[in-house]
4 protein chains.
Amino acid sequence: MINIDPRSSQPIYEQIIFQIKENIMKGIMMPGDQLPSIRKLSSMILANPNTISKAYQELERTGVTETIRGKGTFIREDYKIGADDEKMEEIREVLKNIIVEMHYMGLSKEEMNKELEKIYDELEGE
Amino acid sequence: MINIDPRSSQPIYEQIIFQIKENIMKGIMMPGDQLPSIRKLSSMILANPNTISKAYQELERTGVTETIRGKGTFIREDYKIGADDEKMEEIREVLKNIIVEMHYMGLSKEEMNKELEKIYDELEGE
Amino acid sequence: MINIDPRSSQPIYEQIIFQIKENIMKGIMMPGDQLPSIRKLSSMILANPNTISKAYQELERTGVTETIRGKGTFIREDYKIGADDEKMEEIREVLKNIIVEMHYMGLSKEEMNKELEKIYDELEGE
Amino acid sequence: MINIDPRSSQPIYEQIIFQIKENIMKGIMMPGDQLPSIRKLSSMILANPNTISKAYQELERTGVTETIRGKGTFIREDYKIGADDEKMEEIREVLKNIIVEMHYMGLSKEEMNKELEKIYDELEGE
DNA sequence: GTGGTCTAGACCACC
DNA sequence: GTGGTCTAGACCACG
């Protein structure tokens, strides 16, 4: 369920965070589900436990998961956060970057929308 | 024309690269135009000349600009490159990340498309 | 394995790039091998870490090496890229220059071919 | 007869030197022929007279041309120099670089020899 | 004037 | 430990 590419320029801990969010969006992980323990995930993806720990801390900090003492880490029932203006602004910045890059690749607005829909459906459709 | 946020996690040289591409897309900079000299831009945005140089070299390497010895750096007449499969795959990865993040913020597919169009029009419309 | 001539007109970072490619061709460095760390090579050849870094980044950009976060820089398993028309044209230009220079030194076509074979065998033969 | 590419990374003065040597090799320019005056060449190729001057000085220094006071600059009758060990070593270095690059493009020794012969014949054949 | 290279030395993120 | 980014300031080649 979690695939890490150590060659990627995206930090491993971010890859973990993102893939957990992706799994939630795809319905593979559901609210209430337990995440693998740090040790277990660490041996599964051959990563340093500190790296997993950092990812889990970040997930908890942003309200995706919650940790229950002695039980483990779980997807929160109310994992979806509302509009966070600051975060939304960040996302818009990245989106702007991406749009400029796609424009530079020769894509029209319509083609960009198609790309977005295609990726969205791949995520939601499962 | 170029605004740098030194507190951003995005490296300064990348901000420069991106903003120059953005300016080209907006029509603020045109093929044939000369970029500010390294020293001039360096004093304009209060960054080190080496940092500007790195950005300019990357722009040249990716075919956006060309350097004429002793004259300066210019937007290439044929600055737009075609589709590059590897690059496109990278872009899709980032777009996927963004979509998951937007989904997490509670946006529907339609809202995402609207967001994309809004940003696109801000870029193209000027 | 890497010898730098600081008095050469060829930039140090280019000498590094070239010698690593040379070492690969000679079989001294093999796909999968780790390059010396920036700091280590820096102290070995008495050059600034930034200079090494520039060479390593160029090697990565051209597909000779890959960087694994926190681990180091490695020769790629699939390091050899195919023909690139633009690059080949550049090479022909330089070769033309060299031929004119050799002609100017009084070498015949046959002597040039012998020269080429001699150097080639020194590279391949080890 | 002389074509300058101001975009090239090769300095303009070197392009001039090389093209004059190329013209001699091709038989377009012959020993005894007069080179265009600095002013004339300067306006022909739209380059700074200082640049032309630098090229002419270098040509004279290396024994390709000679200047006759009040008359102009001429191709020397004995323009071909004998073996200069230092220069030959330099040439070998560049040739080695080129061979590594061609190897990296996937060319065999035979293909390299063919390339060399092809370029040589283009130069000599005219 | 232009850009290109290099050093010295610092700070950071990641693993 | 690894590489990535940045600053400060120097020197050089080129036109």
Side-chain angles (χ1 to χ4, degrees), chain A residues 4 6-16 42 45-55 58, chain B residues 4 6 8-16 34-42 45-60 65-74, chain C residues 4 6 8-16 34-42 45-60 65-74, chain D residues 4 6 8-16 42 45-55:
Chain A
I4 297 304
R7 288 166 171 75
S8 166
S9 64
Q10 192 180 30
I12 292 174
Y13 83 95
E14 277 186 16
Q15 292 183 48
I16 296 169
S42 158
I45 62 177
L46 302 175
N48 191 305
N50 292 328
T51 306
I52 317 287
S53 178
K54 183 166 181 181
E58 180 74 6
Chain B
I4 297 304
S8 166
S9 65
Q10 191 181 29
I12 293 173
Y13 82 94
E14 278 187 13
Q15 293 183 46
I16 296 170
Q34 183 171 3
L35 266 53
S37 82
I38 289 182
R39 288 162 178 83
K40 196 174 164 197
L41 185 53
S42 156
I45 64 178
L46 302 175
N48 190 284
N50 286 327
T51 305
I52 319 288
S53 180
K54 186 170 182 179
Y56 278 20
Q57 281 179 33
E58 171 83 6
L59 283 166
E60 172 146 33
T65 61
E66 62 190 348
T67 297
I68 300 180
R69 334 181 36 75
K71 290 271 165 58
T73 301
F74 301 82
Chain C
I4 295 305
S8 166
S9 66
Q10 192 181 29
I12 294 173
Y13 82 94
E14 278 186 14
Q15 293 184 45
I16 296 170
Q34 184 172 3
L35 266 54
S37 82
I38 289 181
R39 287 163 179 84
K40 197 173 164 199
L41 185 53
S42 156
I45 64 178
L46 303 176
N48 190 285
N50 286 327
T51 305
I52 319 288
S53 180
K54 186 170 182 179
Y56 279 19
Q57 281 180 34
E58 172 82 5
L59 282 166
E60 172 146 34
T65 61
E66 62 189 349
T67 297
I68 300 178
R69 335 183 37 75
K71 291 269 167 57
T73 302
F74 301 82
Chain D
I4 296 304
S8 168
S9 64
Q10 191 180 30
I12 291 174
Y13 83 95
E14 278 186 15
Q15 292 184 47
I16 296 170
S42 155
I45 63 176
L46 302 174
N48 192 306
N50 292 327
T51 305
I52 317 287
S53 178
K54 183 166 183 180

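As a basis for the values below, the full set of heavy atoms in this structure was taken, side chains included, without hydrogen atoms, waters or symmetry mates. Within every chain, numbering begins at 1; the chains are lettered A, B, ... in the order of the sequence lines, protein sequences first and strands thereafter.
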Exam field: side chain [X] to backbone [Y], donor-acceptor pair closer than 3.5 Å:
X: Arg69(C); Y: Arg7(A); value: no
X: Gln15(D); Y: Gln10(D); value: yes
X: Gln57(B); Y: Ile52(B); value: no
X: Ser42(D); Y: Ala47(D); value: yes

Can you check the [X] [atom1] to [N] [atom2] distance for me, whole Å?
X: Ile16(B); N: dT5(F); atom1: CD1; atom2: C1'; result: 12 Å
X: Ile38(C); N: dT2(F); atom1: CD1; atom2: P; result: 9 Å
X: Lys54(A); N: dC15(E); atom1: NZ; atom2: C1'; result: 9 Å
X: Ile52(B); N: dG4(E); atom1: CD1; atom2: C1'; result: 15 Å
X: Gln15(B); N: dT5(F); atom1: CD; atom2: P; result: 13 Å
X: Leu41(B); N: dT2(E); atom1: CG; atom2: P; result: 12 Å
X: Tyr56(C); N: dT2(F); atom1: OH; atom2: C1'; result: 12 Å
X: Gln34(B); N: dG3(E); atom1: CD; atom2: C1'; result: 11 Å

Side-chain N,O ([X]) to OP1/OP2 ([N]) below 4.0 Å:
X: Thr51(C); N: dT7(E); result: yes
X: Lys71(B); N: dG3(E); result: no
X: Arg69(B); N: dT2(E); result: no
X: Tyr13(D); N: dG15(F); result: no
X: Thr67(C); N: dG3(F); result: no
X: Gln57(C); N: dG3(F); result: no

Next item on the list: Answer yes or no: side-chain N or O of Asn50(B) and base N or O of dG4(E) forming a donor-acceptor pair under 3.5 Å.
Entry: no

Next item on the list: Please state whether the base of dG3(F) and the side chain of Arg39(C) form at least one donor-acceptor pair under 3.5 Å?
Entry: yes

Next item on the list: Remember a base hit wins even if backbone is also touched, and classify Ile12(A) as base, sugar-phosphate or nothing at under 4.0 Å, heavy atoms.
Entry: sugar-phosphate

Notebook entry, point to check: When rounded to the nearest 0.5 angstrom, what distance separates CD1 in Ile4(A) from CD1 in Ile45(A)?
Noted result: 4.5 Å

Item checked: Nearest-0.5 Å distance that lies between atom NZ in Lys54(C) and atom CD1 in Ile16(C) -> 11.0 Å

Check: Which nucleotide, dT5(F), dC15(E), dT7(E), lies nearest any side-chain atom of Ser53(C)?
Finding: dT5(F)

Item checked: Given dT7(E), dG3(E), dC14(E), the nucleotide with the shortest approach to the side chain of Ser37(B) -> dG3(E)

Notebook entry, point to check: If you pin Ile68(C) and Gln10(D) to their nearest nucleotides in DNA chain F, which one's is more 5'?
Noted result: Ile68(C)

Margin query: Quick check on DNA chain F: between Pro11(D) and Gly70(C), whose nearest nucleotide comes earlier from the 5' end?
Written below: Gly70(C)

Check: Is it true that the side chains of Thr65(B) and Glu60(B) contain a donor and an acceptor less than 3.5 Å apart?
Finding: no

Margin query: One pair to check against side chain to side chain contact (heavy atoms under 4.5 Å, CB included): Leu35(B) and Phe74(B). What are the steps and the verdict?
Written below: CA-CA 6 Å; Leu35(B) 266 53; Phe74(B) 301 82; over 6 Å; no

Checklist line | Nucleotide-level pairing of DNA chain F, given in dot-bracket where Watson-Crick and G-U pairs need both distances under 3.5 Å and | marks other strands | finding: ||||||||||||||.

Checklist line | Nearest-nucleotide 5' precedence on DNA chain E, Glu14(A) against Glu14(C) | finding: Glu14(C)

